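Below is one structure, written out as structure tokens; the observations come after it.
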Amino acid sequence: MAEEPQFIRRRSASKAGWRRIGKLEKDIMWDSKMAEPPGGFPSVKKVRFPTSNWDWESWPESNHPIAEILPKGRAQKRFLLNDNDIVDLCYTLHEIYVPNAAYRHLTAHKYLCIQLERRSWEKYGGPSGFEAALAKKNAENPPANARGGRGRGRGRGAAANVAPRGRKAARGQDAHPNGCRRREDS
């Protein structure tokens, strides 16, 4: 197995990826709260699996289209990354409209999928290590439909072992069609 490489992370490398797909310098952003250290950001914290392959030269090319982008939250879930893992990656701002929110116009940070995928490979040890990380996550937290239901609670259409309620339950021999019981006269 190859020695684990140390990747020095610089914003200029991420910015070059955006320029390659035709983005203008003024449209490329990064987290300005965190200044880039003189030697670049340190390598991401590695997560090791038995199938991890740290020989980056043997990693395949990405299957993602060169200009495919994802919003930050979805990207972090899909590629199992955190804020510190992507601090050096550049993004573009996209205004989104949310119909039933307090703030209707929000701004999304969108990242290049190719850069996110590569970063996840750096963290988990290539495509095989990343696949192992995904398998571990899915084993620990199966999707809602894999648990035999729709997630929390019964949900609509789920079978329940409870007596029926409401008008249909109240109807019987002594019940009036509107659900009221007849008054017994003595």
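Here, residue 1 is the first one in the sequence, and each next residue gets the next number. The structure presented is a predicted model; accordingly, all values stated were derived computationally and were not measured.
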* Are any non-hydrogen side-chain atoms of Ser128 and Ser52 less than 4.5 angstrom apart? -> no
* **Minimum heavy-atom distance between Arg9 and Asn84, given as atom pair plus value** => NH1-O, 3.2 Å
* Structure fact -> Rounded to the nearest 0.5 Å, the NZ atom of Lys23 sits from the CD1 atom of Ile28 at a distance of 8.5 Å
* Asked: Thr92 and His94: side-chain donor and acceptor closer than 3.5 Å?
  -> yes
* Does the side chain of Glu25 reach to within under 4.5 Å of the side chain of Arg19, using non-hydrogen atoms? -> yes
* Asked: Taking a hydrophobic cluster as the set of Ile, Leu, Val, Met, Phe, Trp and Tyr residues connected by side-chain heavy atoms closer than 4.5 Å, whether directly or through intermediates, do Leu116 and Leu112 fall within one such cluster?
  -> no
* Structure fact -> Here the pair of heavy atoms bringing Asp83 nearest to Lys72 is OD1-CE, 3.1 Å
* **Interatomic spacing from CD in Glu68 to SG in Cys113 - rounded to 0.5 Å** => 3.5 Å
* Arg78 atom CZ: more than 12 heavy-atom contacts under 6.0 Å -> yes
* **Transitive ILVMFWY side-chain link Leu70 to Leu134, under 4.5 Å** => yes
* Asked: Got a sec, which residues hit side-chain hydrogen bond (donor to acceptor under 3.5 Å, both in side chains) with Arg119, two or more places apart in sequence or on another chain?
  -> Asp88, Glu122
* Asn53 versus Trp59, closest heavy-atom pair with distance -> O-NE1, 2.9 Å
* Asked: Is Ile69 reachable from Leu93 through a run of hydrophobic residues whose side-chain heavy atoms are each under 4.5 Å from the next?
  -> no
* Asked: Trp56 and Leu81: same hydrophobic cluster, using ILVMFWY side-chain contacts below 4.5 Å?
  -> yes
* Asked: With hydrophobic residues grouped by side-chain heavy-atom distances under 4.5 Å, do Tyr124 and Leu89 end up in a single group?
  -> yes
* Could you grab the distance from atom CD of Gln76 to atom CG of Asn82, nearest 0.5 Å is fine? => 7.0 Å
* Is there a side-chain contact between Ser14 and Trp30 (heavy atoms, below 4.5 Å)? -> no
* To do: May I have the step-by-step check of side chain to side chain contact (heavy atoms under 4.5 Å, CB included) for Lys123 and Lys46, ending in yes or no?
  => CA-CA 5 Å; Lys123 182 174 183 171; Lys46 297 190 174 20; 6.0 Å; no
* Structure fact -> Taken to the nearest 0.5 Å, the spacing of Trp121 CH2 from Glu131 CD works out to 9.5 Å
* Mind telling me whether Tyr111 and Tyr91 have parallel, tilted or perpendicular rings, with 30° and 60° as the class edges? => tilted
* Is it true that the side chains of Glu117 and Ser62 contain a donor and an acceptor less than 3.5 Å apart? -> yes
* Would you mind reporting whether Phe49 and Phe130 have side-chain heavy atoms less than 4.5 Å apart? => no
* To do: Write down the atom of Gln115, the atom of Ala13, and the distance for their closest heavy-atom approach.
  => NE2-O, 4.3 Å
* Asked: Under a 4.5 Å cut-off applied to non-hydrogen side-chain atoms, are Phe41 and Arg11 in contact?
  -> yes
